[in-house]
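This report concerns only the one structure given below.
Sequence lines set the chain letters: A, B, ... in the order given, protein chains first and strands last, and positions in each chain run from 1.
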Amino acid sequence: MRAHIEELIHQALGYLKRDGDLPRDIEPAFQIDRPRDPSHGDYACNVALVLAKAAGRKPREIAEAVAARLPDSKRIARVEIAGPGFLNFHASDHHLRCVVREALADGPAFGHQPAGRRGDVLAEFVSANPTGPLHVGHGRGAAYGASVSAVLEAAGHVVKREYYVNDYGRQMDILAVSVWLRYLELCGEKPRFPDNGYRGEYIYDIARQVRSRHGDDLRFSGATVAEGLPADESEGGDKEKHIDALVQRARDLLGEDGYEACFQTALETMLDDIRGDLEDFGVVFDRWFSERELERSGALERAIAKLDAGGWLYEEQGAKWFKSSELGDDKDRVVVRENGRTTYFASDVAYMLDKLERCSGQLLYIFGADHHGYVPRLKAAARGLGENPDRLEFQLVQFAVLYRGGEKIQMSTRSGEFTTLRDLREEVGSDAARYFYVMRSHDQHLDFDLDLAKSRANENPVYYIQYAHARIHSIFRQLEGKGYKHNASIGDAALKRLTEPQERALMQAIGRWPEVIDSAARRRAPHDLAHALHELASMFHTCYNAVPVLVDDEDLRNARLNLARAVAEVLAGGLKLIGVSAPEQM
RNA sequence: GCCCCGGUAGCUCAGCGGAUAGAGCAGCCGCCUCCUAAGCGGCAGGUCGCAGGUUCGACUCCUGCCCGGGGCACCA
């Protein structure tokens, strides 16, 4: 509809230019808005206001000239000039009926664009280190990433979703050692646990697995493990030096196979846990991309070589540095450390190169807000690889803070006292969690009210929307009980009978839906969907209370059933995009 | 100090440069012999942090300041 109006205006402008009523060389960047006030029509255009200066005429005068030359359209009932010179378009009843027909015909795909109409997008999100279960912060990234991917797809993009698995770095070694030490405890040893180790209860679970597979084969005395290690932080030393030495000690004592046993068990257990957790959350990936694989496949080396070939690397103090400061970053970054190991940043560059080669369109990075410092260095890396940095897009997801009983729930990863995503899902349910995570703009801090999310009352927006959907299905169940059958063609022929203001409001809201999807995709803003769905649900509840559907008049009844069905399609389709179920009964 | 996000109703937040700034919750008043009251209707509630600037027009864009949250590493 919006495109249709745009076309009408362009035609009118063409006539005016041809007749010399407007300068020929102007191409006004006008907008077509949805006015808030219904008396301002369904669409409003500011073309006259934009044109006023260039044309040297009053806005209202131009508005009248444009209005006079607008071609007739079956979808437009009338055009008015209002305020300082807005053109207000009122959609015709014919248009409203078309909208209902389209929603019924397209079902859950109503408002979607054909796949491939817009460019490819490779979205990377969550990508949490597999060193522990996902916590509620990851949950927001997961919910946002999944929802924004779905809405991009609906808007015609071809989207690939990836999870980057950091299975190569130092943190994984620390995890492996933490598991080993807990394993030793299970064997009856009393090794000292490092300040920097992972302390969560889940480490014992993994250690038990190691023990059941390997018995006492990996057992060493606590004294042997600790012998000659540099002091830990709480002993007055450096926790980093301590843990690195401890990792080395583990490798020496266990040998490659023994160490791998701890490492692999930890990695696989954590990945299975994360994968299952996300699946239960309705978040699925096309690919789990392993950092280790970058090393094995030579991609890491190739990326470094490419930066080098571009003249962007230099050596200093035994390390290889990337001249990112010359490419927009605050400072240079190390890619190969003095000890010969590559940095995480090097892996990031290699992964980026791989993605750029696999995807012709945008690379969408969805990061936690704490990673905002990555943006300039990754853009610098893209430049260093000879790629256009505009192909990288970053969306930063701000933190979520949980509240229970009005109290903030404190979290600390180190101590292992954090709320996991799984805990959250079990407490409030996946639907509420998905909805609450995306109901606010992702670049806003989120206060997540657990009590509200759990509430099964009208104050909970999730249930409010789901209830609207369930109510519609309830009507159809009642229909049969009354001995009626829904006849969609009778309803279609009788759509003219839908004249109640609440019915018209519903039709208008359905008509807006394709624009909501389009705008939400452009703005990377799935919260727009949450708002639009809430609004549609509200309109339905209003209509439901004011206008009975199951009336004796067959034409009217079927027309109302068609409308109700159309509303249900939009609700179900929209909820699906944000990963919330649309129950038929509650 | 530098960087990121924010400051809109009592609370949590919408608001793509446009018309009289919206919603939910909380508060108050009403509505179930009627398709689910997990609902609906109504009332009340605002110096859009402050000061400049750009614009025909600023909650929206720019600058400065104030206040809150977060981030700074040869950690990940």
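- Counting to the nearest Å, the P atom of B/C25 and the CG atom of A/Asp447 are 18 Å from each other.
- Taking atom OH of residue A/Tyr198 and atom C1' of nucleotide B/A76, one finds them 7 Å apart after rounding to whole Å.
- Atom name C1', nucleotides B/C32 and B/G68: the rounded distance is 46 Å, in whole Å.
- The number of heavy atoms from other shown groups lying within 6.0 Å of CD (A/Glu393) is above 12.
- Note that A/Arg341 lies in the cation-pi zone of A/Tyr168, set by a 6.0 Å cut-off to the ring centre and a 45° limit from the axis.
- Between the C1' atoms of B/G18 and B/U60, the separation comes to 10 Å (whole Å).
- Side-chain to base pairing of A/Asp33 with B/G18: no donor and acceptor N or O lie closer than 3.5 Å to each other.
- When the P atom is compared between B/A58 and B/A21, the two are found 14 Å apart, to the nearest whole Å.
- The two atoms that bring A/Ala346 and A/Ile304 nearest to each other are CB-CD1, 4.4 Å, heavy atoms only.
- Counting distance only, with no hydrogens placed and no angle test, the side-chain atoms of A/Tyr467 and the base atoms of B/A37 include no donor-acceptor pair under 3.5 Å.
- A side-chain hydrogen bond (donor to acceptor under 3.5 Å, both in side chains) with A/Tyr43 is found for one member of A/Glu6, A/Glu515, A/His90 and no other, namely A/Glu515.
- Base pairing analysis places B/G45 opposite nothing; no Watson-Crick or G-U wobble pair with both distances below 3.5 Å involves it.
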